[in-house]
Amino acid sequence: MEQIAFSPAQVIDMALRQVAAGLENFGAEFDPQVRPADPRHGDFQANGVLPWAKQARKNPRQLGQELIDALATSNELNPLTVQWELAGPGFINFRLTPEFLLRWLETYRSDNALREGAGSSDQGRTVMVDYSSPNTAKEMHVGHIRSTVIGEAVARLLEFCGAKVIRDNHIGDWGTQFGMLIWAVKHHQTDLTKIEEVAELEALYRQGSAHYKSSPEAEDECRMELVKLQQGDPENQQIWQQITDASWRSFQQIYDSLDVHFDEVLGESFYRDKVDRIYAELIELNLAQEDQGALVVFHPEHQRFKTQPFLVRKKDGASNYASTDLATILYRVEHFKADELLYVVGLPQSDHFEQLFLTVQKWFAAKNYPVPEMRHLGFGTVLGEDGKAIRTRSGESVKLRDLLNEAIERARATVDAKQEERPEGERLSDEERAEVARVVGLGAIRYADLSQNRTSDYKFSWEQMLSLEGNTAPYLLYAVARLHSIFRRAGYTPGDASAEQGASAPEADEEIALARKLLAFPAVIEQTRSDLRPHFLCTYLFDLAGVFSTFYNACRVIVDEPDVRARRLMLASRTLTVLETGLHLLGLETLERM
RNA sequence: GCGGGAGUAGCUCAGUUGGAUAGAGCAAGCGUUUCCUAAACGCUAGGUCAUGGGUUCGAGUCCCAUCUCUCGCGCCA
């Protein structure tokens, strides 16, 4: 039996390339541009003939005809699994047959099967994802949610595609604020080991900062504490360590609730003894130069960076985030053998990363170090209802913990309201309601963030993200819960092969539409992976849930005809699997009841 | 001043890198439940894709200009 490929689009793409390579009017460099198509036209379309014809100054219809004729005689594609035709100005439309849809659905029946199917694309690749990155002694706020949530989704996606992923939290645990903090700790006899909330550290910081500003002598006192810390004074070192530990205990609570776990937490302090080598190599290679007392890198070939400096060492000799970021990249390549480095950091820092990557490329090339693929996964700002960066009424940044708690509370209110509408016997227990509220509330925040294009700002709206309608977590979670309910009632376990025994190929319009949507999953994963924009996956899951609802409304699943019932159970089961797999990739938990 | 990002339906947003008649959701209006979760589904209406030029078989997407908003631009990260 012929093997069923995970990605039909890829098979079509390869077949077209193969055929084109042997044709005089095409060639090996022909890119067929296979894309998912509007369902009216087919499952996939190849657009590549048009630009090719344009460049060759030939008639696109004629070239297209030549290509599909050759495809027909080549045996690259089996006409029993896929049919094609030339359309419009020169598109080639491909339509998968119902028999193939059935066989694909029989093959890719579980999360594991999907994982295996997708897992070849990044096999053997080591990717480090740098995300979340809070500063110690400071509360995590809304600004961290995007980095944390997007970073986690990206990490999961890459794992799904077969990469070895190293999650690294590059915390801000070194800097001038520690002078003030240490001073405050010493003058308030604080027991840092008892601290569980960063808020207490923030209070200390405010005291230290107030003192710092009170007089020139006070300023010197704080600065002295910083100098002692930097010189390795044991007492200050210990206080610093305790501040870091206390901060981490607090962060950990949030990470636990979000199910985010890091493989490494190598903050700025980790690299402080690794920056001297950076200075030395950059100077040796003539990449860096002294300028106004500081060490800077210019990029003469770059419009802006020929004059806008990349400042790698301050004039007082101290390192900054440019130097530690450079040291970090070297470490990630030398120690972790990373092939790809991803930075989930806000878009305002794009200049920094552009300069950073440019510098690394030149430096590594000159030193013959392997140059990793580096990408800044920038994201937009979270805006309040007024369209400005989100703040509390008093003008402070919104604490992440408060945000998460409020989401759960609001979800709980909705859960309770919905329960009232149900008959007595079908209501959830108090415990179940709490669980539903937790999953829906946290899911809503996460999904609202991920379903938005990463690079654009987005408006934070409780009403919208917790809405039961539209492209939201509650809608999708409900679709999942409903599917579970179907199987409970029918007395089957989702994915149970015996329930699907003897399934016939999809027939009704709604069945075919659902099957085709399910088969679009591989292409969506590819697209999401290549751009690392989770909202592609979100849009797909929302569409899938909608197509399923239409199917579910039109086609009764539990019917008498065995083959029809088997195929509908199979469609329902696959929808459930794809929805759950997708939501889990995004970092959402799913529910069996709600 | 230089540079980045953005401007698509009343609102919130998609639009797979130049492809087929620009799509969703909310809000508005109409309809569907003796039937597997109505937290659902179907239908209607809603557009000069900021503005003006240009490139070509073809532009929301590319190039130029203009307007508006926003964010960066030497010792914070």
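We name chains A, B, ... by the order of the sequence lines, and we start the count at 1 in each one.
Between the side chain of A/E268 and the base of B/A77, no donor-acceptor pair of N or O atoms lies under 3.5 Å. With hydrogens and angles ignored, no donor-acceptor pair closer than 3.5 Å exists between the side chain of A/R482 and the base of B/A38. At a cut-off of 3.5 angstrom, counting only N and O atoms as typed in the model, there is no donor on one side facing an acceptor on the other between the side-chain of A/K54 and the base of B/G19. Between the side chain of A/Y321 and the base of B/A77 there is at least one donor-acceptor pair of N/O atoms closer than 3.5 Å. Not a single donor-acceptor contact under 3.5 angstrom links the side-chain atoms of A/D173 to the base of B/A77. At a cut-off of 3.5 angstrom, counting only N and O atoms as typed in the model, there is a donor on one side and an acceptor on the other between the side-chain of A/D291 and the base of B/G74.
Out of B/C36, B/C75, B/A40, the shortest distance to the side chain of A/S549 is found at B/A40. Among B/G74, B/A40, B/U12, the nucleotide with an atom closest to any side-chain atom of A/K459 is B/U12. Counting only heavy atoms from C-beta on, A/N93 has its side chain closest to B/A20 among B/A20, B/G74, B/C36. Of all nucleotides listed (B/A77, B/A39, B/C36), B/A39 comes nearest to the side chain of A/Y478. Closest to the A/Q464 side chain, of the nucleotides B/U12, B/A77, B/C73, is B/U12. Side-chain proximity of A/N320 to the nucleotides B/G74, B/A77, B/U21 is greatest for B/A77. For A/E469, counting side-chain heavy atoms from C-beta on, the closest listed nucleotide (B/C73, B/G15, B/C26) is B/C26. Comparing atom distances between the A/Q45 side chain and each of B/U12, B/G19, B/C41 picks out B/G19 as nearest. The side chain of A/Q452 approaches B/A14 more closely than any other nucleotide in the set B/A14, B/G19, B/A40. Each of B/C13, B/G19, B/C75 was ranked by its minimum atom distance to the side chain of A/L50; first place goes to B/G19.
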CA sep, side-chain torsions, deciding dist, call: A/D416, A/R433, salt bridge (charged side-chain N to carboxylate O under 4.0 Å, His left out): CA-CA 7 Å; A/D416 286 339; A/R433 292 183 196 193; 3.1 Å; yes
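Checking B/C35 for Watson-Crick or G-U wobble geometry (two distances, each under 3.5 Å) identifies no partner in any strand. Pair assignment for B/A9: none, as no Watson-Crick or G-U wobble contacts are both less than 3.5 Å. The partner of B/G3 is B/C71, judged by Watson-Crick or G-U wobble contacts that both fall below 3.5 Å. Searching all strands for a Watson-Crick or G-U wobble partner of B/A14 with both distances below 3.5 Å returns nothing. With a 3.5 Å ceiling on both atom-pair distances, the Watson-Crick or G-U wobble partner of B/C30 is B/G42. In a base pair of the Watson-Crick type (N1 to N3 plus N6-O4 or O6-N4) or a G-U wobble (N1-O2 and O6-N3), with each distance short of 3.5 Å, B/A65 is matched with B/U51. Checking B/U56 for Watson-Crick or G-U wobble geometry (two distances, each under 3.5 Å) identifies no partner in any strand.
To the nearest angstrom, P of B/U70 lies 21 Å from CZ of A/F379.
Considering only side-chain N and O atoms, A/K418 lies nowhere under 4.0 angstrom from the phosphate OP1 or OP2 of B/A38. OP1 and OP2 of B/G25 both lie 4.0 Å or more from every side-chain N or O belonging to A/T472.
The closest donor-acceptor contact from the side chain of A/R412 to the backbone of A/R438 lies at 3.5 Å or more, if one exists at all. Between the A/H376 side chain and the A/V345 main chain, a donor and an acceptor come within less than 3.5 Å of each other.
Among the heavy atoms of the strands, none lies under 4.0 Å from A/D316. At the heavy-atom level, A/R556 lies under 4.0 Å from base atoms of the strands shown. Nucleic acid contact class of A/P60 (heavy atoms, under 4.0 Å, all strands): none.
Distance check on atom C1': B/U51 versus B/C69 gives 15 Å, rounded to whole Å. Taking atom C1' on both B/C64 and B/G19, the two are 24 Å apart, rounded to the nearest angstrom. Taking the P atom of each, B/U8 and B/U70 are spaced 15 Å apart, rounded to whole Å.
Between A/F310 and A/H352, the distance from one ring center to the other falls under 6.0 angstrom.
At a cut-off of 3.5 Å, with distance as the only test, a side-chain donor of A/T359 or A/H299 sits close to an acceptor on the other residue.
When each of A/S7, A/S121, A/C161 is paired with A/E526, the side-chain contact (heavy atoms from CB on, under 4.5 Å) condition holds for A/S7 and for no other.
Residue order along RNA chain B, read from the 5' end via each residue's closest nucleotide, puts A/E426 first among A/Y475 and A/E426. Taking the nucleotide of RNA chain B with the nearest heavy atom to each of A/D543 and A/L311, the more 5' of the two is matched to A/D543.
In this pair, A/F94 and A/W84 present their aromatic rings tilted. The plane angle is within the 30 to 60° band.
To the nearest 0.5 Å, atoms NE2 (A/H484) and CG (A/L576) are separated by 4.5 Å.
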